[in-house]
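One structure is given here, and the rest of the page talks about it.
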2 protein chains.
Amino acid sequence: MTTRIQRRNRRVILEAALDVFSAQGFRGATLDQIAGVAGLSKPNLLYYFDSKEAMHRALLADLLDTWLAPLRAMNPDGNGRDEIKAYMRRKLQMSRELPRESRLFANEVLQGAPRLADLIGGDLKRLVDDQAQVIRRWITNGQIAAVDPYHLIFSIWALTQHYADFDAQIRMIRTGADPMDGAETYLETLFDKLLQP
Amino acid sequence: MTTRIQRRNRRVILEAALDVFSAQGFRGATLDQIAGVAGLSKPNLLYYFDSKEAMHRALLADLLDTWLAPLRAMNPDGNGRDEIKAYMRRKLQMSRELPRESRLFANEVLQGAPRLADLIGGDLKRLVDDQAQVIRRWITNGQIAAVDPYHLIFSIWALTQHYADFDAQIRMIRTGADPMDGAETYLETLFDKLLQP
DNA sequence: CGGCACCTTGACTGGTTGGTCAGGTCTGCT
DNA sequence: AGCAGACCTGACCAACCAGTCAAGGTGCCG
């Protein structure tokens with residue numbers, strides 16, 4: 001049985017943990033920092049989660065579905081070009097709206113995904129394999145140009161997540177402007193040209 | 001005056017530090033780990049470098065030139081499409097040959113580039129601004145299609161570095177094969193189509 | 001081969017950090 | 001109101017970690 005207080009505090013803690021983990025990485029984050037952001041005491045954090053590791057795991061598990069949803073949502077019966085471009089647009093929107101989540105995953109993968117491997121397991125691979133098949137069918141149908149489906153998916157990840165993960169670098173260069181200004185238009189053009197049969 | 005032993009040990013230490021920092025991030029790396037990889041004692045490390053921070057700074061400073069060289073090497077008087085594609089190819093090769101360096105920078109930028117800001121300063125911005133001007137000229141000359149020069153550069157970074165930085169994820173999906181198999185062909189096609197006037 | 005500068009290290013320190021615990025406070029139910 | 005169980009915390013601990021130091025070892029010069 002979960003109480004109202006439990007629900008509220010767990011939410012507050014995970015929110016704070018996302019803030020700190022995404023900005024500092026797992027090793028770099030401290031319970032004191034998370035406690036400070038959450039406005040709770042450190043022992044209280046550990047009343048709700050068994051360990052720092054458990055918070056991190058809970059975060060990743062909660063976010064995994066959200067993170068993969070855009071890829072899952074690609075409709076095999078839709079028009080190839082529209083579906084892929086819609087996928088790209090959804091991912092780009094996630095970089096804009098959920099940059100902390102993007103950086104959390106990036107931090108994790110960058111360090112070899114030790115805490116992610118068992119969570120994802122073959123799940124991600126299966127999803128990507130399935131959608132690669134779908135893309136292959138669109139190629140066969142002549143709906144899109146013949147490009148490697150895996151590299152196509154990787155390039156969507158790379159191009160969209162870059163704006164969240166490397167935000168600091170982009171800000172150094174495009175001082176003033178919103179770092180993502182013009183990104184949608186640019187990527188729209190890029191994928192239009194790439195996929196044109 | 002630097003002795004032979006000094007040169008050798010500094011090199012060994014930076015090599016080990018690159019290994020550990022790129023895999024664990026600054027905060028995640030410990031001097032004991034670096035000492036272990038280097039085959040030296042921890043106090044000995046601190047005989048050659050004032051602090052952990054100093055090792056990290058030395059690494060970044062040493063690598064910065066290497067890292068920006070490909071962008072600097074873009075020849076304003078060359079053919080636009082060839083120059084940009086050559087830049088992309090050089091960056092992709094760096095992802096293949098220097099993945100640790102790529103991950104070191106990625107780790108740094110991901111966490112807001114605190115230790116990089118003063119090192120790069122306006123230097124990177126100036127270089128990118130200059131090369132963006134060069135690209136604009138190629139567009140005016142009709143050598144390449146009209147695309148936003150900044151997003152073009154960002155997309156080259158994103159697409160090439162992704163293979164080094166997200167290697168762990170790609171390996172989960174493309175089990176067996178070399179993660180970068182087919183990447184060059186794919187990116188060649190992508191930029192061909194994108195830049196086609 | 002003797003001496004001096006350079007190199008190396010075991011043992012230590014002070015500060016940080018994840019996690020524990022005993023006891024106190026609050027909340028919701030009857 | 002009263003109580004049982006949920007919630008919260010100050011004080012504490014053990015492990016870890018960057019950095020110090022004094023003392024001994026090593027290479028290089030005359």
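Residue numbers begin at 1 in each chain, while the letters A, B, ... track the order of the sequences.
The side chain of A/Arg27 lies closest to D/dC17 when the candidates are C/dG18, D/dG19, D/dC17.
As rounded to whole Å, 13 Å separates atom C1' of D/dT26 from atom CG of B/Asn9. In this structure, B/Arg8 places its CZ atom 14 Å from P of D/dT26, rounding to the nearest Å. Distance, A/Ile13 CD1 to C/dG19 P: 14 Å, rounded to whole Å. Separating the CG atom of B/Leu31 from the P atom of C/dT9 is a distance of 15 Å, rounded to the nearest angstrom. Put simply, CE on B/Met55 is 13 Å from C1' on D/dC17, counting in whole angstrom units. Taking atom CD on A/Gln6 and atom P on D/dC8, their separation rounds to 9 Å, with Å as the unit.
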Exercise for the section: Given side-chain hydrogen bond (donor to acceptor under 3.5 Å, both in side chains), test A/Tyr47 with A/Asn9 step by step and report yes or no. Expected result: CA-CA 10 Å; A/Tyr47 174 77; A/Asn9 282 352; over 6 Å; no

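Within a 6.0 Å radius of CG in B/Asn79, other residues, nucleotides and ligands contribute more than 12 heavy atoms.
Between the side chain of B/His56 and the backbone N or O of B/Phe21, no donor-acceptor pair lies under 3.5 Å.
Here A/Thr3 reaches the OP1 or OP2 of D/dC7: one of its side-chain N or O atoms lies under 4.0 Å away. Look at A/Arg4 and you'll find a side-chain N or O under 4.0 angstrom from OP1 or OP2 of C/dG28.
If you check every strand for non-hydrogen atoms under 4.0 Å, A/Ala54 touches nothing.
Contacts between residues 32-50 of chain A and DNA chain C, defined by a heavy-atom separation under 4.0 Å, are made by A/Lys42, A/Pro43, A/Leu46.
Separation of atoms CH2 (B/Trp138) and CG (B/Leu195) is listed at 10.0 Å; rounding is to 0.5 Å. Rounding to the nearest 0.5 angstrom, the gap separating the CH2 atom in A/Trp67 from the CD atom in A/Gln161 is 5.5 Å.
A parallel orientation is assigned to the rings of B/His162 and B/Phe166, their planes being inclined by less than 30° (bins at 30° and 60°).
Two residues, B/Ile5 and A/Ser51, neighbour DNA chain C, and the one matched to the more 5' nucleotide by heavy-atom proximity is B/Ile5.
The pair A/Asp167-A/Arg171 meets the salt-bridge criterion, with a side-chain N (NZ, NE, NH1 or NH2) lying under 4.0 Å from an Asp/Glu carboxylate O.
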